[in-house]
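In this text the structure is predicted, and so the values were computed from the model without any measurement. Within every chain, numbering begins at 1; the chains are lettered A, B, ... in the order of the sequence lines, protein sequences first and strands thereafter.
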Amino acid sequence: MRYSKYFIPTYKETPSEAEVISHKLMLRAGMIRKLTSGIYTYLPLGLRSIRKVENIIREEMDRSGAIEVLMPAVQPAELWQESGRWEAYGRELLRFKDRHNREACFGPTHEEVITDLVRKEIHSYRQMPINFYQIQTKFRDEIRPRFGVMRCREFIMKDAYSFDVDEAAADKSYDVMHQTYSNIFRRCGLKFRAVEADTGSIGGSFSHEFMVLADTGEDEIVFCKKCSYAANLEKAEVKPVEDPGASSAEKAKPLEEVPTPDIKTIEELTAFLSVSADQIVKTLIFSSDGNAVAALIRGDHEVNETKLKNLLGAEQLELAGPELVAHVTGAPIGFAGPVELRVKIIADYAIKGMKNMITGANKQDMHLKNVNIGRDFSVDKFADLRMITPADPCPRCRGPLDFKRGIEVGHVFKLGTKYSKAMHAVYLDEHGEEKLIFMGCYGIGVGRTVAAAIEQNNDRDGIIFPITIAPFEVVILPLQMQNSNVGQVSEELYRSLSDKGVDVLLDDRDIRAGIKFKDADLLGTPVRITIGARTLKEAKVEMKLRSQTQTIFIPVSEAPGFIADKVRELHDSIK
RNA sequence: CGGGGCGUGGCGCAGUCUGGUAGCGCACCUGCUUUGGGAGCAGGGUGUCGGAGGUUCAAAUCCUCUCGCCCCGACCA
């Protein structure tokens, strides 16, 4: 490609709307432009990167035996009503009506559509296993789009759906996808980890997220330093302490009311009563599908709402507002306690061994001391309700834990029969018996993968693309376009590299060298060839890798072969 | 939806408090010089100051309403 005939509108200055590095660089390098909040145009350079990721995905998905299809973006409400998600999915689902007043939505995901297809077309165990995938534009009406293409409303996603005869076969399909995803992200040049995750609104029984490690990531993940355990923080289990320790030996003291004027937070309370946070129990009132529930958490712990939501089987779970808290406890927020509380009480395992705890008194400006389970109140259920902390051991091997941030680029779900049951997708087995199909679903955010790669590979001059997803593999910078020798050598090199199948960008603009260098660095093309009158006197051209600082000189005659080899070598280093 | 901030030429911003008829840098166009890391000089074009209404002799500036965008939070792949 010739720069002068192409379209790469770069910015010297950072647009003020961008916050994270990948967003800034994608705007500056002329990869994307925003149309409106959370909706972006991919400019030629951005599209090239997207296509490279898509091609890697296609190759690996095809290799895994999956079959490509393309489903509609617009979906009828009936399908969603059938699966129950028309109600469950919430405001994130973009709904609208057509001219006949029929309800529809813009697909945020395609379980319903594919299940509908499969129930019509797949009838025999002989037709499975089968896995359909597509690469397509999705729309999710995010509450707050941000970070450019990383968390946007309209985005390109690869989604795949596997169909199997039983759970064991579905597990196999899941494992194949897990492996396929690892191959894909490795080939994209990413440092990533697969972690255990919650299934969210997609549903199902089990899932892994593929996380690209980056400080700007929106998710927090926890790893074991000893074993292979890794999980999203919202999923990470906390094992109950087997030995409650010294506190259980303590004698129960008489219940005591203490005035705590205007003391509402744990910090204020620890300071006011000169106690440590782990002697306090906080009582959080939640509204679970409209019903009040109390969650008891030790003062120094944080509640994990995902765990609570799953435990309660709730569709909607939110922290109660002032009215509900007042209604349930008879006191303003900050003074709730379990004693004489008339709602369901779920307590974290960490509460179990506690004696003489401090809790709210369900009276304004009052707390209770020496509260004891059994004597003063009873717990409906003990469970793992809290966020794991660096002080906790690994739930698998009890080893020490490490915490990092990550960007979710892929997610694999074991769905089981959730959709096949709701939508009656069945097959006949070898005995002529009708059975439910077992499903799995597998997503990759394509644009987000590009952004994550940039997030992970950049310096102050710009992007440093892994060669596998770089818009161009090589950029040629002829420094003096009016020098006929420079022009001629550049043209010849450009042609011969193109003929060898290398993606080359020839910066044939008649501008100063400095601008070409700056742009080349910004765009992040892995291999840079500089051709100037100076080195041409010795019949040499320069090669520099974007990821390295040293420059090497190559005889003009050997350049095409040498550079093509280098490109191949860079590709091989990523495989 | 709650809290905060911002809308002034293509981009980044000043000017708003204290009203007086719009400015700076970059980019862009022309010419000359320059030419290996975002050039220099000279000349030039560019704005219904987000929109609507109001106050005023006069509004980018003050008031009311409205739209959009960004950040934090709740939410989410």
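Comparing rG36(B), rC70(B), rG38(B) by their closest approach to the side chain of Ser37(A) singles out rC70(B). Of the candidates rG36(B), rA77(B), rG38(B), the closest approach to any side-chain atom of Leu522(A) belongs to rG38(B). When distances run from any side-chain atom of Arg146(A) to the nucleotides rG73(B), rA77(B), rG38(B), the shortest one goes to rG73(B). With rG36(B), rA77(B), rC1(B) as the candidates, the nucleotide lying closest to the side chain of Ile143(A) is rC1(B). Between rC26(B), rG37(B), rG36(B), one nucleotide has an atom nearer to the side chain of Asp521(A) than all others, and that is rG37(B). For Glu408(A), the side-chain atoms get nearest to rA77(B) when compared with the rest of rC11(B), rA77(B), rG38(B). Distances were taken from every side-chain heavy atom of Ala513(A) (C-beta onward) to each of rG36(B), rG12(B), rC70(B); the shortest belongs to rG36(B). Listed candidates were rC72(B), rU35(B), rC26(B). Nearest to the side chain of Gln482(A) is rU35(B). With rG68(B), rA77(B), rG36(B) as the candidates, the nucleotide lying closest to the side chain of Thr36(A) is rG68(B).
Inspection of the Asn131(A) and Tyr133(A) side chains reveals no N or O donor paired with an N or O acceptor under 3.5 Å. A side-chain donor-acceptor contact under 3.5 Å links Gln179(A) and Asn183(A).
Per the geometry, OH belonging to Tyr89(A) stands 12 Å off C1' belonging to rC75(B), to the nearest Å. With rounding to whole Å, Arg33(A) atom CZ is found 14 Å from rG10(B) atom P. Distance Gln480(A) CD to rU35(B) C1': 7 Å, rounded to the nearest Å. In this structure, Arg91(A) atom CZ and rA77(B) atom C1' are separated by 16 Å, rounded to whole Å. Atoms CD (Glu13(A)) and C1' (rC24(B)) sit 12 Å apart, rounded to a whole Å. For the pair Tyr11(A) OH and rG12(B) P, the computed distance is 7 Å after rounding to whole Å. For the pair Asp507(A) CG and rG36(B) C1', the computed distance is 13 Å after rounding to whole Å. Spacing between atom CZ of Phe139(A) and atom P of rA77(B) amounts to 16 Å, rounded to whole angstrom units.
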- Can you list the steps and then say if Tyr161(A) with Phe132(A) is a ring pair (Phe, Tyr, Trp, His ring centres under 6.0 Å)? CA-CA 5 Å; Tyr161(A) 306 89; Phe132(A) 294 110; 9.1 Å; no
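On a pure distance criterion of 3.5 Å, no polar donor-acceptor pair joins the side chain of Glu17(A) and the base of rG7(B).
Listed by first and then second residue, the salt bridge (Lys or Arg N to Asp or Glu O under 4.0 Å) pairs involving residues 529-540 of chain A amount to none (not counting sequence neighbours).
Partner assigned to rU34(B) is none, using Watson-Crick or G-U wobble distances below 3.5 angstrom. Base pairing analysis places rG68(B) opposite rC6(B); the two distances defining the Watson-Crick or G-U wobble pair are each below 3.5 Å. If you check rA77(B) for Watson-Crick or wobble pairing at under 3.5 angstrom, you find it has no partner at all. Nucleotide rU55(B) is matched to nothing when pairs are restricted to Watson-Crick or G-U wobble geometry with both distances under 3.5 angstrom. The pairing partner recorded for rC49(B) is none, the criterion being a Watson-Crick or G-U wobble arrangement whose two distances lie under 3.5 angstrom. For rG25(B), the paired base is rC11(B) (Watson-Crick or G-U wobble, both distances below 3.5 Å).
rU56(B) and rG50(B): their C1' atoms are spaced 23 Å apart (whole Å). On the C1' atoms, rU61(B) is 23 Å away from rG25(B), given to the nearest whole Å. Between the P atoms of rA59(B) and rC17(B), the separation comes to 14 Å (whole Å). Straight-line distance between the C1' atoms of rG47(B) and rU21(B): roughly 14 Å, to the nearest whole Å. Of the P atoms belonging to rC69(B) and rA27(B), the separation is 30 Å, rounded to the nearest Å. To the nearest whole angstrom, the two C1' atoms, one in rU48(B) and one in rU35(B), are 42 Å apart. Atom name C1', nucleotides rA58(B) and rU18(B): the rounded distance is 16 Å, in whole Å. Annotation: rU64(B) and rG45(B) have their C1' atoms spaced 37 Å apart (nearest Å).
Among the heavy atoms of the strands lying under 4.0 Å from Arg528(A) is at least one base atom, whether or not backbone atoms are also near. Within the nucleic acid shown, Arg28(A) comes within 4.0 Å of at least one base atom, counting heavy atoms only. Counting non-hydrogen atoms under 4.0 angstrom, Glu234(A) reaches nothing in the nucleic acid. Base engagement by Gly532(A) is indicated by at least one non-hydrogen atom pair under 4.0 Å involving a base atom. Nucleic acid contact for Lys34(A): sugar-phosphate only, since backbone atoms but no base atoms lie under 4.0 Å from a heavy atom of the residue.
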Please output the side-chain donor-acceptor pairs of residues 318-328 of chain A that fall under 3.5 Å, not counting sequence neighbours, one pair per line with the distance.
none

N/O donor-acceptor pairs under 3.5 Å from side chains in residues 521-528 of chain A, not counting sequence neighbours:
none

Any N/O pairs under 3.5 Å between the protein and nucleotides 30-34 of chain B? List them or say none.
| unit_1 | atom_1 | unit_2 | atom_2 | d |
| --- | --- | --- | --- | --- |
| rU34(B) | O2 | Arg512(A) | NH1 | 2.8 |

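Every residue meeting the side chain to side chain contact (heavy atoms under 4.5 Å, CB included) condition with Arg51(A), not counting sequence neighbours, appears here in chain and number order: Leu47(A), Glu54(A). The ring-ring contact (aromatic ring centres under 6.0 Å, His included) search around His208(A) returns Tyr174(A), His178(A), Phe206(A), not counting sequence neighbours.
No side-chain donor-acceptor contact under 3.5 Å links Arg386(A) to the backbone of Glu302(A).
The side chain of Arg144(A) places an N or O atom within less than 4.0 Å of a non-bridging phosphate oxygen (OP1 or OP2) of rC71(B). Phosphate proximity of rG12(B) to Ser16(A): present, with a side-chain N or O under 4.0 Å from OP1 or OP2.
By the 4.0 Å N-to-carboxylate-O rule, Glu112(A) lies close enough to Arg85(A) to be salt-bridged with it.
When each of Asp198(A) and Glu19(A) is assigned the nucleotide of RNA chain B bearing its nearest heavy atom, the one mapping closer to the 5' terminus is Glu19(A). Ranked by how close their nearest RNA chain B nucleotide is to the 5' end, Ile511(A) and Met157(A) are led by Ile511(A).
Aromatic stacking is marked for Phe155(A) over rA77(B), as both cut-offs hold: 5.5 Å for the centres and 30° for the planes.
None of Asp508(A), Asp507(A), Asp510(A) except one satisfies the side chain to side chain donor-acceptor pair (under 3.5 Å) rule with Ser4(A); the exception is Asp508(A).
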